[in-house]
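What follows is one structure encoded as structure tokens, with my remarks underneath.
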Amino acid sequence: MASDSTTPVQITPEQWQAFITARPRPVKKGQLRNDQAQQLDTQLLSFLNDASKASLSLRANSYQRKWLHINVEYLNMASHSDNDVMGVPYMKTITISKTANTGLPVNMGEAVEQITKSAEAREQGRKAAKRQAKQAKRDRMKEAMDQWSTDCTECGKHLTAYGALYHHSGEGPLCEECVEGDDYLSGLKWEPKSTFWV
């Protein structure tokens, strides 16, 4: 069942229900409520059957976008997400467009297998990118710590982020020798700058 971007697909309620029943749930129930999922499905079906619309734009959070992106794959449409909606955390605008092959999958079993593999590959790529971003942040912090230096406020000794000691009250920086050489100071808890680097 295919259509160009100006001809309605005309999917019947019975065909749509069969598709929904056969389709694995794209997002866990704890991430997207049933009523929210049903609303998105209703919007997709209305868009598919509307000859006057070639594209559809919706504001959606990350789980709603995942739901839509995966269903768009099943329905042979295209989709992309734009920048975050100003002032609304985690919200983006997703735009869905019809293609020449838009319609229900001809072979649902093959579609499920293909899209499941595609989704797993995207998730692995997303996790890898997240790990790389975290490692890059750690590397930048390590570089900044290695370059940071100051002087002990008591003796003037030059200190690095690993040797400059601070008290939680903000007192410091002091060197280890000055802390240990003072009965009062040595009784307090001191931490090097590197342990609470921001």
Checklist entry - Who are the salt bridge (charged side-chain N to carboxylate O under 4.0 Å, His left out) partners of D183, not counting sequence neighbours? => result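 Applying salt bridge (charged side-chain N to carboxylate O under 4.0 Å, His left out) to D183 gives none.
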Next on the checklist: Going by ring pair (Phe, Tyr, Trp, His ring centres under 6.0 Å), name the residues that satisfy it together with H168, two or more places apart in sequence or in a different chain.
Outcome noted: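 With sequence neighbours excluded, H168 shows a ring pair (Phe, Tyr, Trp, His ring centres under 6.0 Å) to no residue whatsoever.
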Using only heavy-atom distances, determine whether the side chains of [X] and [Y] contain a donor-acceptor pair under 3.5 Å.
X   : Y   : result
H69 : S81 : yes
S52 : D50 : yes
T95 : S57 : yes

Return the minimal non-hydrogen interatomic distance between [X] and [Y], and the atom names on each side.
X    : Y    : answer
Y63  : V27  : O-CG2, 3.5 Å
W190 : L188 : CD1-O, 3.2 Å
H167 : S169 : ND1-OG, 2.8 Å
T195 : E191 : OG1-CB, 3.5 Å
C175 : C152 : N-SG, 3.3 Å
P26  : N71  : CG-ND2, 3.7 Å

At what distance, to the nearest 0.5 angstrom, does [atom1] of [X] lie from [atom2] of [Y]?
X    : Y    : atom1 : atom2 : answer
Q10  : L48  : CD    : CG    : 10.0 Å
I11  : Q17  : CD1   : CD    : 12.5 Å
S97  : K53  : OG    : NZ    : 13.0 Å
E180 : L174 : CD    : CG    : 12.0 Å

Looking only at atom types and distance, does a side-chain atom of [X] sit under 3.5 Å from a main-chain N or O of [Y], one as donor and one as acceptor?
X    : Y    : value
T102 : K98  : no
Q15  : T12  : yes
Q64  : N61  : yes
R65  : A60  : yes
T153 : P173 : yes

Is it true that [X] and [Y] fall in one hydrophobic cluster, defined by side-chain heavy atoms closer than 4.5 Å?
X    : Y    : answer
M77  : L58  : yes
M141 : Y162 : yes
L159 : L185 : no

Checklist entry - Are any of the side-chain nitrogens in E123 or R126 under 4.0 Å away from the carboxylate oxygens of its partner? => result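 R126 and E123: salt-bridged.
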Checklist entry - Does a sphere of radius 6.0 Å around CD in Q114 hold more than 12 heavy atoms from other residues, nucleotides or ligands, not counting ones at 6.0 Å or beyond? => result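 It does not: Q114 CD has 12 such atoms or fewer within range.
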Under 3.5 Å, side-chain donor or acceptor atoms of residues 39-46 against the rest of the protein: list the pairs with distances, not counting sequence neighbours.
| unit_1 | atom_1 | unit_2 | atom_2 | d |
| --- | --- | --- | --- | --- |
| D41 | OD1 | R23 | NH1 | 3.2 |
| D41 | OD1 | W67 | NE1 | 3.0 |
| D41 | OD2 | R23 | NH2 | 3.3 |
| T42 | OG1 | Q38 | O | 2.9 |

Next on the checklist: Using the rule side-chain hydrogen bond (donor to acceptor under 3.5 Å, both in side chains), only one of Q132, R138, K137 pairs with Q135; which is it?
Outcome noted: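 In the set Q132, R138, K137, the residue that makes a side-chain hydrogen bond (donor to acceptor under 3.5 Å, both in side chains) with Q135 is R138.
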Checklist entry - What orientation do Y166 and W148 show, parallel under 30°, tilted 30 to 60°, or perpendicular over 60°? => result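 Plane angle between 30° and 60°, so tilted.
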